[in-house]
Amino acid sequence: MDYFIKSIVSLLKEKTDLREDEIEKRIEIPPVLKMGDYAFPCYTLSKILKKPPNSIAEELTKILHPVSPITGIRAIGPYVNFFVDRSIFSERALKKIHEEKDSYGSDDTGSGKTIVIDYSSPNIAKHLAVHHLRSAVIGNAIYHIYKALGYSCVGINHLGDWGTQFGQLIVAYRRWGDESTRKTYTVTDLNSLYVKFHQEAEKNPALEDEAREWFKKLEAGDPEARTLWQHFKDISLKEFQKLYDMLEVHFDAYIGESFYNTMVEDTIRRIKEKGLAKISEEALIVDLEPYNMPPCLLRKKDDATLYATRDIAAAEYRMRTYNFDKMTYVVGSEQKLHFKQIFKVLELMGYDWASRCVHIDFGLMKFKDGKMSTRKGKVVLLEDLLIEAIERIRKIIEEKNPLLEDKDAVAKEVGIGAIIFADLSTKRNKDIVFDWDTVLNFEGETGPYVQYTHARLCSILRKYNQPVTGEVNYELLKEDETFRLIKNLWQFPSVIQRAAESYEPSLLCNYLIDVCGNLNRFYNTYRVLSDVEELTKARVFLVDATRQVIKNGLNIIGIHSPDRM
RNA sequence: GCGCCAGUAGCUCAGCUGGAUAGAGCAUCGGAUUUCUAAUCCGGCGGUCGAGGGUUCAAAUCCUUCCUGGCGCGCCA
C-alpha cells in the first residue's frame with residue numbers, strides 16, 4: 001500500500017470502526033490541490049452513525065492529530081482532507097524513482113504466474129491494413145503491462161492459415177500464376193489472384209468445386225497442395241514480419257490454425273464423451289440454448305471443422321503447453337459471441353480454467369462513410385500509414401530542428417510512436433473512425449507531445465552535465481506546480497496496476513499526457529538550470545525522475561523515447 | 001425480431017467501481033520566448049452529460065422505457 005495512504009489509514013483506524021481495507025478503498029485524491037493531498041469521505045460513516053457527513057467530518061477532524069508525514073487535517077464539507085509534508089513526500093517519491101530506474105512502476109505481484117496473450121492473428125495472403133493495428137498494439141501493450149507485474153507472458157500470433165480460401169488460392173495460382181515471377185511473389189500478387197478467383201468463379205462456378213477439392217487435398221497432406229500452401233505462408237509471414245519489426249511487436253510463438261488440424265478430432269471426441277454434442281440440420285453442434293446462446297458449430301455437414309472447433313482445440317493445447325493462469329484473446333468486439341460460446345463449451349467440458357479465459361475486445365475501425373473491407377479493397381494499408389507518418393515527422397524535424405543528428409532514425413521512432421499512441425489512447429471499447437488528419441496530427445494529446453517532453457528533459461540534463469543526485473534540499477520543491485508533478489509521478493505504479501486489471505492500455509496514455517501537462521506547466525513556470533546551485537540540484541533531480549517515468553511509460557506501451565527530436 | 005456495445009463542448013475523447021465546481025485536446029479568438037527545444041504554456045469562447053421516468057442525502061455514473069448509431073445472431077474467420 002502507498003506509504004502516505006497507509007499513514008492516513010492508521011490514523012483513521014483508531015478513531016473509526018471501519019476495517020483497514022474499507023478505509024483504504026475510500027481514500028481519494030481531492031480534485032484540486034488546495035483542498036489537500038488525500039481525502040476521506042464521510043458518507044459511509046454517516047449511514048452507520050446516522051449523523052450528517054459534514055458533522056462527522058468536523059468531529060473526526062477534531063480528534064485526529066496529524067503525525068508525520070501528515071501535517072494537516074481539515075474538514076471541508078463531508079470530507080476529511082489530509083495534507084502531507086511536501087518535502088517528505090518529494091524525497092520519498094523521487095528517491096524511489098531514482099533507485100528503481102527502468103523498473104519504477106513494476107512489481108512482482110504476478111511472479112510465478114503465466115499469461116497467454118493471443119494478438120494480431122492476421123489472415124495469410126492478405127495485407128495488414130490499419131484496422132489490423134489495434135489487436136497488435138493492444139496485445140503488445142498488455143504483454144508489457146503484465147511483464148511489468150512480474151508475469152511470465154506468452155505472446156501468440158494465431159495466424160489464419162487454414163480454410164477453404166486456401167483451396168481457392170491454390171486453384172488461382174495454378175491457373176493464372178505467372179511462372180516467371182513466382183519466386184518473387186508478394187502479398188499483393190496473392191491478393192490479386194484471390195480477387196481474380198472470385199471474378200472468374202462468378203462466370204464459372206465449377207472453380208468453387210475445384211477449390212474445395214484442393215482444400216481437401218491440403219487437409220489430406222497432398223504434397224503439391226502442401227508446398228503451395230507453405231509458399232503462401234512464407235510470402236505472407238515475410239511481409240508481416242517487416243511490419244512487426246517496424247512496430248516492434250514481438251511474439252513468442254507463431255502458431256496458426258492449421259497447427260490444430262491434427263488435434264480437432266480428439267477435441268471433438270472429448271466433447272462427445274461429455275455428451276455435449278449433437279446433430280442438428282446435418283451439422284455437429286453443442287446446443288447452448290440453456291445459456292441463451294446460439295449453438296456452437298463443431299462440424300459442417302460436409303464434415304469439415306470450423307474455427308470454433310479449432311479455437312477449442314487451441315485452448316486445450318495452450319493449457320497443456322503453458323499451464324496458464326490467464327489466457328487472453330485480443331480480438332475485435334464483433335467476435336464477442338464467438339468467444340462467449342467457446343468459453344462456455346470449455347466450461348461445459350469441465351475445465352475450471354475456462355473462467356480464466358478473457359476476450360479483450362476492441363471497437364472497429366471504420367471510415368467516415370462506412371466500414372473497411374478487404375474484399376472491396378477499401379482499406380488503408382498499414383505500411384502506407386506508417387510510411388506517411390514517418391515522412392510527415394521527417395518534414396517537421398527539418399523545419400523545427402534541422403541540425404538534429406540521425407533524423408531518419410528519430411523520424412521513424414516518432415512517426416511510428418505517433419501511430420501507436422493514437423491507436424492506444426482511446427478506450428478499447430470504442431469504435432474508431434479512421435481519418436488521416438486525426439491520426440497524423442502531432443500536436444496536443446499525442447505521442448510526439450509525450451516524446452517531445454521527454455526530449456526536452458534530456459536536453460536539460462545534457463546541459464547540466466553532472467551526476468544527478470538525490471541529496472538535495474526537498475524544501476525547494478514545494479511550489480504547487482512542482483508538487484503537483486511529483487504527486488503525479490507517484491501514481492505511476494497504480495496506473496499500471498489498473499491498466500492490467502482492466503486490460504486497458506489507454507489508461508497509460510492518459511497518464512502520460514497528464515504527467516507531460518504537469519511537467520510542461522512546471523517547465524514554463526520555473527527555470528531548472530540557474531546560478532542558485534541548491535535550487536538547480538533539486539529541480540534537476542525532479543527533471544530526471546520525470547524523464548524516467550515518461551520513458552518507462554512509453555516503453556510499456558511500446559514506444560521509443562528519443563533523447564532529441 | 002432478439003442480444004451486446006456506444007451516445008458527455010462544433011469535432012475527438014477523459015471522468016478511477018455513486019460523491020466536492022463535469023475536465024482535456026483539436027478548431028476558433030487573444031496572449032507568453034534577450035534565458036533549459038514554441039511539437040510548449042496561459043487566457044477567452046464553448047455543456048438541458050441522447051430523451052423521459054425511477055432509486056438515493058447525493059446520478060454523467062445504478063435501474064427502467066424510448067430514440068439514434070455500430071456490431072452480432074448454424075454450416076466464413
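Computed from a prediction, not measured in an experiment: that's the story for all the values here.
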Close N or O pairs between protein and nucleotides 42-46 of chain B (under 3.5 Å):
residue: C42(B); atom: OP1; partner: Arg521(A); partner atom: NH1; Å: 2.9

Quick one: which protein N/O atoms are closer than 3.5 Å to N/O atoms of nucleotides 55-62 of chain B? Pair and distance per line, please.
none

What does the list of N/O pairs under 3.5 Å between the protein and nucleotides 31-36 of chain B look like, with a distance for each?
residue: U35(B); atom: O2'; partner: Arg527(A); partner atom: NH1; Å: 3.1
residue: U35(B); atom: O2'; partner: Arg527(A); partner atom: NH2; Å: 3.0
residue: C36(B); atom: O4'; partner: Arg527(A); partner atom: NH2; Å: 3.1
residue: C36(B); atom: O2; partner: Leu529(A); partner atom: N; Å: 3.1
residue: C36(B); atom: N3; partner: Val528(A); partner atom: N; Å: 2.9
residue: C36(B); atom: N4; partner: Tyr523(A); partner atom: O; Å: 2.8
residue: C36(B); atom: N4; partner: Tyr526(A); partner atom: O; Å: 2.5

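For residues 293-303 of chain A, the salt bridge (charged side-chain N to carboxylate O under 4.0 Å, His left out) pairs, not counting sequence neighbours, are Glu265(A)-Arg299(A). Among pairs with a residue in residues 450-466 of chain A, none fulfils salt bridge (charged side-chain N to carboxylate O under 4.0 Å, His left out), at least two apart in sequence or across chains.
Taking 4.0 angstrom as the limit, Lys427(A) places a side-chain polar atom (N or O) nearer than this to OP1 or OP2 of G15(B). In this model, the phosphate group of A6(B) is not approached by any side-chain N or O of Lys430(A) to a distance below 4.0 Å at OP1 or OP2. Taking side-chain N and O atoms only, Asn429(A) has no distance below 4.0 Å to OP1 or OP2 of C5(B). Under 4.0 angstrom from either OP1 or OP2 of A20(B) there lies no side-chain N or O belonging to Tyr38(A). Under 4.0 angstrom from either OP1 or OP2 of A77(B) there lies at least one side-chain N or O belonging to Arg310(A).
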| task | For the pair Trp490(A) and Asp2(A), evaluate side-chain hydrogen bond (donor to acceptor under 3.5 Å, both in side chains) and give the outcome as yes or no after the intermediate values. | result | CA-CA 9 Å; Trp490(A) 182 250; Asp2(A) 180 322; 2.7 Å; yes
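Nucleic acid contact for Ile397(A): base, since at least one base atom lies under 4.0 Å from a heavy atom of the residue. Residue Gln451(A) is out of contact with every strand shown, counting any heavy-atom pair closer than 4.0 Å. Counting any heavy atom pair closer than 4.0 Å across all strands shown, Ser280(A) reaches a base atom. Pro30(A) comes within contact range of at least one nucleobase, with a heavy-atom separation under 4.0 Å.
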For residues 25-37 of chain A, which side-chain donor-acceptor pairs fall under 3.5 Å, sequence neighbours excluded?
residue: Arg26(A); atom: NE; partner: Thr44(A); partner atom: OG1; Å: 3.4
residue: Asp37(A); atom: OD1; partner: Lys487(A); partner atom: NZ; Å: 3.1
residue: Asp37(A); atom: OD2; partner: Val84(A); partner atom: N; Å: 2.8

Do any side-chain atoms of residues 540-549 of chain A form donor-acceptor pairs under 3.5 angstrom with protein atoms, and if so which ones, sequence neighbours left out?
residue: Asp544(A); atom: OD1; partner: Arg547(A); partner atom: NE; Å: 3.0
residue: Asp544(A); atom: OD1; partner: Arg547(A); partner atom: NH2; Å: 3.0
residue: Thr546(A); atom: OG1; partner: Leu542(A); partner atom: O; Å: 2.8
residue: Gln548(A); atom: NE2; partner: Lys101(A); partner atom: O; Å: 3.3
residue: Gln548(A); atom: NE2; partner: Asp102(A); partner atom: OD1; Å: 2.8
residue: Gln548(A); atom: NE2; partner: Asn552(A); partner atom: OD1; Å: 2.9

| remark: Output field dot_bracket for RNA chain B (Watson-Crick or G-U, both distances under 3.5 Å, | for other-strand pairs) contains (((((((..((((.....[...)))).(((((.......))))).....(((((..]....))))))))))))....
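Near RNA chain B, meaning a heavy atom under 4.0 Å away, the residues from residues 291-309 of chain A are Pro294(A), Pro295(A), Leu297(A), Lys300(A), Lys301(A), Leu306(A), Tyr307(A). Heavy-atom distances under 4.0 Å link RNA chain B to no residue of residues 541-550 of chain A.
Under the 4.5 Å side-chain criterion, counting only non-hydrogen atoms from C-beta, Glu257(A) is not in contact with Leu159(A).
Counting atom types as modelled, Asn81(A) pairs a side-chain N or O with a base atom of A20(B) as donor and acceptor under 3.5 Å.
Residue order along RNA chain B, read from the 5' end via each residue's closest nucleotide, puts Thr44(A) first among Thr44(A) and Thr453(A).
Set against G15(B), A39(B), G72(B), the side chain of Leu337(A) has G72(B) as its closest nucleotide.
Among residues two or more places apart in sequence or in another chain, the salt bridge (charged side-chain N to carboxylate O under 4.0 Å, His left out) test is passed with Glu479(A) by Arg539(A). Legend: residues meeting salt bridge (charged side-chain N to carboxylate O under 4.0 Å, His left out) with Asp406(A), ordered by chain and number and at least two apart, are absent.
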